[in-house]
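Just so it is clear, the structure is predicted and the values come from calculations on it, not from any experiment.
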Amino acid sequence: MLLTTGALTAAAPDARGESARTETRVASTSPVAGVTESVVRVKAPLPVSFGARPAACDWLSYLRYRAADGPEASADADRILVAQPGILEGAGAFDSVARNTVARAAAQGLHIEFWALDRRSNCLEDRTGIASGDQHTAVDYYYRGKQVDGHTFAGYLGNERLGWMAKLGIEQTVRDQYDLLTAEVPDQGLRKRKVLCGGHSLGGVITGYFAAADFDGDRATTADAGHRQCAGYFALDTTVSTSLADLSGSIPDDTNLPDIGLGYGAVQAGLDSGLLPRSLSAPVLLNPETMTLLAIAGLGAVQDPGGEADLPRYLPSNVNIEATNRFLFSEDTATFLSGSPAVKDFRLTNAAVLGALMDDNSVPLAFLQSSVGFFDGGPIADKNFPVANGGSQQPGLFGTDYKAIPDRPHGPLYTWRDYDRVGDPDDPGYRSADGTPFTSAGKEVTDLQELARSLAEQPLDFTEQYFPTKLVTDLQLATSPQVKRLVVHPGGLTANPTLTVLAGDGLLAGRIPADLHPVVADGYQHLDVLTAAPVQNYGRPEPVSTHLTEFARAPK
């Protein structure tokens with residue numbers, strides 16, 4: 001699979017004679033026409049105080065989407081939307097919403113750019129196996145030591161190799177955004193007129209800190225203030241704020257996040273020494289190895305969505321993969337404990353494998369859920385693990401939708417009914433044991449094939465393998481003097497107009513802040529605001545890209 005097709009531009013060399021900027025065209029099979037994508041890398045070395053780190057981590061990266069018939073120079077675009085990813089997210093997660101928004105705006109004569117930012121720590125990821133375009137090749141690369149294009153996978157990084165990330169918190173994160181903006185759009189006045197700053201999930205909180213930040217150390221001079229770099233803000237299933245309170249459920253309870261009863265100094269000392277984990281992870285699904293599995297599953301769904309999957313049997317057996325498979329594919333607690341029947345005992349298409357990993361009626365973790373359709377092809381049972389269907393679930397870690405699982409091991413080939421075929425005359429209309437329909441056409445919004453492309457085709461990952469623990473501990477310690485001092489211009493949070501788009505079934509379901517006058521995308525889950533198809537069931541326009549386009553059309 002060819003992901004990139006050569007450098008487009010390179011800025012003048014820096015003092016060491018190296019190129020300070022590269023831009024490389026990205027080839028995609030997305031059906032959304034008229035959008036050009038490139039991956040941009042800008043050299044921005046970390047301070048010496050961060051210590052040793054890979055050379056790649058002295059660069060900032062983003063995916064640049066623009067209209068194919070629009071201006072080549074960003075400064076000539078009508079608007080530039082700059083998006084911060086959420087927790088455990090990479091730039092590739094914005095692929096669909098970026099393409100949909102750019103294309104929708106271009107159809108109205110508005111040439112905008114959408115910049116999907118990668119966090120600096122994404123520099124640690126090795127996409128070589130995924131970039132091969134072949135599922136078996138990827139598995140062999142990451143698990144069996146086989147080379148791809150002369151490269152051998154160096155393994156997943158342990159805490160002892162992440163020392164530089166001990167200082168990678170909210171201060172450096174917003175500084176990275178400022179440095180990138182000033183490098184790419186040097187004219188502050190132009191930034192203030194044309195740039196819209198925002199993000200998804202945790203990206204809304206990062207945007208809040210950016211808006212309130214001061215970047216030259218002198219609060220009396222405001223040209224450098226964060227809110228003076230943006231004409232407006234946008235929040236996707238989040239709010240632009242400096243509080244994590246609205247994002248309960250976005251941080252899984254089983255991660256290795258340290259007990260925040262510690263003070264700022266104790267936490268920082270623990271990160272510096274390595275006594276505390278420098279990267280957020282969990283033993284099931286949320287760690288570098290299992291995050292890579294999502295992209296590998298995406299490869300299968302891109303290659304041959306209707307073909308019978310052999311991925312569950314082709315993967316090697318280890319504790320991490322076994323625990324993850326049991327957690328995701330157990331009907332009840334007894335199945336989880338016994339490990340039988342296992343996912344490899346079922347016949348599934350490649351599309352059904354990815355659907356089982358990402359759909360809101362299958363995967364238990366709400367912040368990973370999207371509405372991509374439903375199982376088909378055989379009997380379905382209630383998935384009552386880790387929580388039972390029909391309980392008093394509240395929006396949060398597990399979401400509220402009923403979960404389902406194939407019910408016939410060694411039986412029929414289970415297929416996947418895509419979002420736009422739910423409710424068709426041939427739809428079996430599966431129901432829970434209590435008679436509740438598992439889903440309906442109005443609650444399905446994301447095309448599984450497009451989700452697969454975003455996972456498998458992007459040069460910058462959809463998921464984030466090494467999320468900086470310090471970024472979350474900083475935000476949880478927001479009242480400490482060390483973090484409070486970063487909020488230099490609190491009025492910056494309301495200094496510009498804000499568009500808030502919330503998923504109707506997402507993390508804020510049932511407690512939507514009315515004072516923000518949000519747009520509510522009915523039936524959407526937390527990820528759907530990024531992944532939804534441009535045309536919804538019943539011919540409805542996709543609301544997120546529609547409202548982002550309207551927001552971008554506002555007077556400059």
Checklist entry - Can you check whether Phe467's main-chain N or O pairs, donor with acceptor, with Glu464's side chain at less than 3.5 Å? => result no

Next on the checklist: Are the side chains of Leu471 and Ile206 in contact, using a 4.5 Å heavy-atom criterion?
Outcome noted: yes

Checklist entry - Would you say the side chain of Thr498 lies within less than 4.5 Å of the side chain of Phe234, judging by non-hydrogen atoms? => result no

Next on the checklist: Going by salt bridge (charged side-chain N to carboxylate O under 4.0 Å, His left out), name the residues that satisfy it together with Asp505, two or more places apart in sequence or in a different chain.
Outcome noted: Lys443

Checklist entry - Of Asp461, Asn122, Thr292, which meets side chain to side chain donor-acceptor pair (under 3.5 Å) against Arg127? => result Asp461

Item to check | Nearest non-hydrogen partners of Pro288 and Tyr156, listed with the distance | outcome: CB-CD2, 3.5 Å

Next on the checklist: Around atom CZ of Arg421, are there more than 12 heavy atoms from other residues, nucleotides or ligands closer than 6.0 Å?
Outcome noted: yes

Checklist entry - Side-chain contact, heavy-atom cut-off 4.5 Å: Phe385 with Val387? => result no

Checklist entry - So, Asp345 side chain and Ala342 main chain: donor-acceptor pair closer than 3.5 Å or not? => result yes

Checklist entry - Phe329 pairs by ring pair (Phe, Tyr, Trp, His ring centres under 6.0 Å) with which of Phe375, Tyr414, Phe346? => result Phe346

Checklist entry - Taking atom types as modelled, is there a side-chain donor on Tyr142 or Asp126 under 3.5 Å from an acceptor on the other? => result no

Quiz: residues 82-90 side-chain donor-acceptor pairs under 3.5 angstrom, not counting sequence neighbours:
{"residue": "Gln84", "atom": "NE2", "partner": "Gln177", "partner atom": "OE1", "Å": "2.9"}
{"residue": "Glu89", "atom": "OE1", "partner": "Gly86", "partner atom": "N", "Å": "2.7"}
{"residue": "Glu89", "atom": "OE1", "partner": "His200", "partner atom": "ND1", "Å": "3.1"}
{"residue": "Glu89", "atom": "OE2", "partner": "His200", "partner atom": "ND1", "Å": "2.7"}

Checklist entry - Would Glu331 and Asn384 count as a side-chain hydrogen bond (donor to acceptor under 3.5 Å, both in side chains) if you check the C-alpha gap in whole Å, the side-chain angles of each, and the deciding distance to 0.1 Å? => result CA-CA 6 Å; Glu331 180 178 343; Asn384 289 312; over 6 Å; no

Checklist entry - Any side-chain donor-acceptor pair under 3.5 Å between Thr238 and Ser201? => result no

Next on the checklist: Can you confirm whether the side chains of Asn389 and Ser432 place a donor and an acceptor under 3.5 Å from each other?
Outcome noted: no

Item to check | Pair Asp528, Ser370: side-chain N/O donor-acceptor within cut-off below 3.5 Å | outcome: no

Item to check | Test item: side-chain donor near acceptor, Gln369 and Tyr524, under 3.5 Å | outcome: no

Next on the checklist: Run Tyr430 and Phe374 through ring pair (Phe, Tyr, Trp, His ring centres under 6.0 Å) and show every step you take.
Outcome noted: CA-CA 9 Å; Tyr430 293 106; Phe374 199 75; 5.7 Å; yes

